Amino acid sequence: MSILLTGGAGYIATHTLISLLENGYEAVTLDDYDNSSPEALRRVRQLTGKEFAVIEGDAQDRELLVRTILDYNVDGIIHFAGHKAVGESVAKPLKYYRNNLTSTIAVLEAMQQTGVRDLIFSSSAAVYAGDNQMPLTESSRRECINPYGWTKYMSEQIIRDAAKANPEFSCVLLRYFNPVGAHPSGMIGEDPSDVPNNLMPYICQTAVGLRERLTVFGSDYRTHDGTGVRDYLHVCDLADGHVKALEYAASHSGCEAFNLGTGTGYSVLDMVKAFEKVNGVKIPYVIGPRRPGDLDECYADPSKAEKLLGWKAKRGIEEMVRDGWNWQKKNPRGYRE
Ligand code: UD1
């Protein structure tokens, strides 16, 4: 089986690439390195000792997708490519809608044109409305609060409609909760190009001295310690979820959505304390105001993925903070060194 990974040099994609290669798949990555580095792919090669094809280009380019599929006898696609900064999506909504929706449409058109039937799509817990009961199931109400979230929501709808019109298609929508950590080797990990928006990279960069202190966004939430609760999952567990999703797609048709989370929520301060305890480093922090749009808590009911995909997160909070720190310590400036 040969799998095309759009956005293949990114954080979740490179971890998935390792899982695929270790499970006997062949792979082709397509990336324009707009927010990623070819160095990550070089390291995947070094780590796994396996070869895979690397194409530089844009996932919006349907002709390039078709050529790549035909040249490498691609059997299935994992569509990771997309812009993902929530704040930027509010400031530049058209950039987000154009890029994220055009690439999804191009991938589906390329599938139609070449006869590829299996698609795994990187969706997000950002598709769920803020007023749902926790834990979130796949049928919880969906509504977004920023253009980034809407591009995931709309891409899901486009994929669902395309699967309805092409009964041979088999599409899996993976709704990621909060991926953190890194490969245990410390050779690949998350490498934000700017000041990190997300909690874990911010903690890691504070620990290594790139940031003076963490600002905890709000301490008056209705949670056990007043700080926001999220469903953090180890990126290697998330990577394995994609392999399971491909196996599922191969034996089904239609379109199905799955939550990929652990089902356990941790607060901001739980994460800070675990990081300090496991790694023996202090994280200076101050309490600041709430960040607009943030919820008290957000965590998954992952039972559908366990039942239908046979997937369950195996790694706990200790491994998440240990591996995140191991990556940051070895690569203080990410892939730039
Ligand atoms: C965010 C996005 C979500 C996206 C996900 C990708 C928002 C509102 N949501 O989710 O759409 O799919 O990233 O991983 O941006 N926090 C701090 N200090 C910081 C950073 C974060 O206290 O410097 C807190 C937040 O208030 C939140 C928790 O840490 O309670 C997690 O934040 P973050 O890592 O940004 O993830 P989400 O907001 O859950």
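Order of listing sets the numbers, starting from 1, for every ligand and every atom in it. Note: hydrogens, waters and symmetry copies are ignored here, and every other heavy atom, side chains too, is used. Quantities reported herein were computed from a predicted structural model and do not represent experimental measurements.
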* Asked: Which residues satisfy the side chain to side chain donor-acceptor pair (under 3.5 Å) test with Gln112, sequence neighbours excluded?
  -> Asn166
* Does anything in residues 201-228 pair up under salt bridge (charged side-chain N to carboxylate O under 4.0 Å, His left out), and if so which pairs, sequence neighbours excluded? -> Asp220-Arg290, Arg222-Asp296
* Asked: Are any non-hydrogen side-chain atoms of Leu20 and Leu246 less than 4.5 angstrom apart?
  -> yes
* Parallel under 30°, tilted from 30 to 60°, perpendicular over 60°: which one fits the rings of His252 and Tyr248? -> parallel
* Could you please provide the protein residues found below 4.0 Å of ligand 1 on a heavy-atom basis, arranged by chain and number? => Val86, Ser124, Ala126, Tyr148, Asn178, Asn197, Asn198, Leu199, Leu214, Thr215, Val216, Phe217, Gly228, Arg230, Tyr232, Val268, Arg291, Asp294
* Structure fact -> Members sharing Val66's hydrophobic cluster, built from side-chain contacts under 4.5 Å between Ile, Leu, Val, Met, Phe, Trp and Tyr, are Leu70
* To do: Name the orientation class of the two ring planes belonging to His242 and Phe80 (parallel below 30°, tilted from 30 to 60°, perpendicular beyond 60°).
  => tilted
